[in-house]
There are 2 protein chains.
Amino acid sequence: MAGVMSDGGEPGTVRPGGRTARIREAVLRAAEDALTEQGFTGLDLADVARRAGVGKTTVYRRWGTVTGLVADLLADMAEQSAPRTETGSLLGDLMANARLVQRTLTDPRQGPLFKALIAAATGDPKTAAALHRFYDIRVREWAPCVRQAVDRGEVPEGTDTHEVIRAVSAPLYYHLLISGGRLDETMADRAAEAAATAARAGAYVRA
Amino acid sequence: MAGVMSDGGEPGTVRPGGRTARIREAVLRAAEDALTEQGFTGLDLADVARRAGVGKTTVYRRWGTVTGLVADLLADMAEQSAPRTETGSLLGDLMANARLVQRTLTDPRQGPLFKALIAAATGDPKTAAALHRFYDIRVREWAPCVRQAVDRGEVPEGTDTHEVIRAVSAPLYYHLLISGGRLDETMADRAAEAAATAARAGAYVRA
DNA sequence: GTGCTAACGGGTCTCTGGTTCCGTTAACAG
DNA sequence: CTGTTAACGGAACCAGAGACCCGTTAGCAC
């Protein structure tokens, strides 16, 4: 009864030798597929297990609940970062970002997946935290282009660079989730232009 | 076997004499409470029935599914319209709108409720349609203040008035659902200011 | 007031997520 | 190569959401 078993329990932490990682990978991919096709509500862990070619006991043991699995999926997605393009102008960079987001959200796989992830986050604080972290990382990757615009004098000093990036995405997500519009390239360009204009006018200067 | 039973079925359509309406009201209010407290995922029709002091059979018969109930709730909410204030300036009107939205979303009851409604809409087209309709009505109520700004020459002709109103809400919902920020009055004012600035610069002129 | 019937409501039955048990597999150490 | 044991997987088990049946209530018409 000494302190032998040291650090915690959480299956899948002790023996990271191939199998554990392989199964995690398979299950997360299966969860992605299931979420994409069935949405968050229709997500069934037994179904995920079947798709992954894995015993459902394994899924329940390692992730426990549906939201737990989704949270882990978000953590996994947060790792893989997509590189950003640089165009040299604020509007150009923001448009590149807006179009990337627009393409992602209208993609027949990614769109439904993101909807499902966001829906999952509304119901569970843990999942919400994972979602926030995911987006925080993405925002952080793009913020430098606003920083550069500040350095160029194109945007006032003291501007909240993260908030500018969020302002580009916001209308696109609003249409996806709430108003249900078309979400085409025109919308993306408009979102980027609006954000750039407001930023130049100092609307995002930190209070 | 003649065509006697004429128009459809849908219980609750034939005898709108008090009871039907009373029960609908009680169930919708109970659903609101349940959604607020448990979120969309934790919504149980039997629980709703209990809260409403109504047999669960009734709920299943009239609404059938959880999403059906939510869709009806949205239709009901779409009826009651909150009046808008008029300040005479574009920025003033947009700020009034932004603060209204901000107060709604941070309200300990309304905030969770709206989250749940949006989550429900991601999974079911019928519910999504109801949600879109609800917001379309709200946007339509506020659009005139942008129209007036166009007439005053403050905003370019051809501006998509609805889109300007949506632009005010978008960042607030983005924070609520996705990035998870604080959502205070400063954010509301910033959202209004950004939208007003972009609108004046012609960012929302229809292509 | 009285009869008709749409709509309600309690009780039961079912079916499917989710849990538990225990035998099997496969990383890793020596 | 061989032993140890964390982690997997099949199968039986359990609980609770949702469907069904049928007797009861209450609008509404005459």
Side-chain angles (χ1 to χ4, degrees), chain A residues 1-2 4-31 34-35 37-70 72 120 123-124, chain B residues 2 4-31 34-35 37-72 120 123-124:
Chain A
M1 32 185 62
V4 182
M5 48 168 46
S6 55
D7 58 295
E10 291 303 293
T13 51
V14 174
R15 197 173 286 181
R19 182 162 70 162
T20 293
R22 209 160 48 239
I23 286 191
R24 186 177 120 106
E25 196 58 23
V27 171
L28 291 186
R29 290 296 79 77
L35 273 178
E37 291 169 30
Q38 330 270 300
F40 175 64
T41 310
L43 193 59
D44 169 22
L45 293 203
D47 177 50
V48 171
R50 206 175 312 122
R51 288 167 185 261
V54 155
K56 73 171 175 172
T57 312
T58 299
V59 177
Y60 280 106
R61 182 172 31 235
R62 283 189 56 180
W63 289 278
T65 83
V66 174
T67 53
L69 177 57
V70 174
D72 193 34
D124 176 65
Chain B
V4 181
M5 47 169 45
S6 55
D7 60 294
E10 292 302 294
T13 52
V14 174
R15 196 175 285 180
R19 182 164 69 162
T20 294
R22 209 160 48 239
I23 286 192
R24 187 177 118 106
E25 196 57 23
V27 171
L28 292 185
R29 290 296 78 77
L35 273 178
E37 291 168 29
Q38 328 271 300
F40 174 65
T41 310
L43 193 58
D44 169 21
L45 293 203
D47 177 51
V48 171
R50 207 176 312 121
R51 287 166 185 263
V54 156
K56 70 173 174 173
T57 312
T58 300
V59 178
Y60 279 108
R61 183 173 29 234
R62 281 188 58 180
W63 289 278
T65 83
V66 174
T67 53
L69 177 58
V70 174
D72 194 34
D124 176 67

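Looking at A:L69 and A:V27, their side chains come closer than 4.5 Å, going by heavy atoms from C-beta outward. Inter-residue side-chain proximity for A:R61 and A:K56 is flagged as unmet; no heavy-atom pair is nearer than 4.5 Å. Between A:T41 and B:F40 the shortest side-chain heavy-atom distance falls below 4.5 Å.
At whole-Å resolution of the value, CD in B:Q38 and P in D:dA17 are 11 Å apart. Here C:dG9 presents its C1' atom at 14 Å from CH2 of B:W63, a figure rounded to the nearest Å. Per the geometry, CZ belonging to B:R24 stands 14 Å off P belonging to C:dA7, to the nearest Å. B:I23 has its CD1 atom 9 Å from the C1' atom of C:dG9, to the nearest Å. Look at CG on B:L69: it is 14 Å from C1' on D:dG18, rounded to the nearest Å. Regarding B:D47, its CG atom lies at a distance of 11 Å from the P atom of D:dG18, rounded to whole Å. Counting to the nearest Å, the P atom of C:dT16 and the CG atom of A:L43 are 17 Å from each other.
For B:T57, the listed nucleotide lying nearest its side chain is D:dC20; candidates were C:dC21, D:dC20, C:dT19. Taking only side-chain atoms of B:Y60, from C-beta outward, the nucleotide of C:dG18, D:dA17, C:dG9 with the closest atom is D:dA17. Here C:dC8 is the nucleotide among C:dC8, D:dC8, D:dG18 with the atom lying nearest to any side-chain atom of B:R62. The listed nucleotides are D:dC8, C:dG9, D:dG18; the one nearest the side chain of B:V66 is D:dG18.
OP1 and OP2 of D:dA26 both lie 4.0 Å or more from every side-chain N or O belonging to B:R22. In this structure, A:R61 does not reach the C:dT20 phosphate: none of its side-chain N or O atoms is under 4.0 Å from OP1 or OP2.
Applying the 3.5 Å distance criterion, the base of D:dG10 shares no donor-acceptor pair with the side chain of A:K56.
The pair B:D72-B:R24 meets the salt-bridge criterion, since a charged nitrogen lies less than 4.0 angstrom from a carboxylate oxygen.
Nearest heavy-atom pair, B:R62 versus B:T20, reported as atom, atom and distance to 0.1 Å: NH1-O, 3.3 Å.
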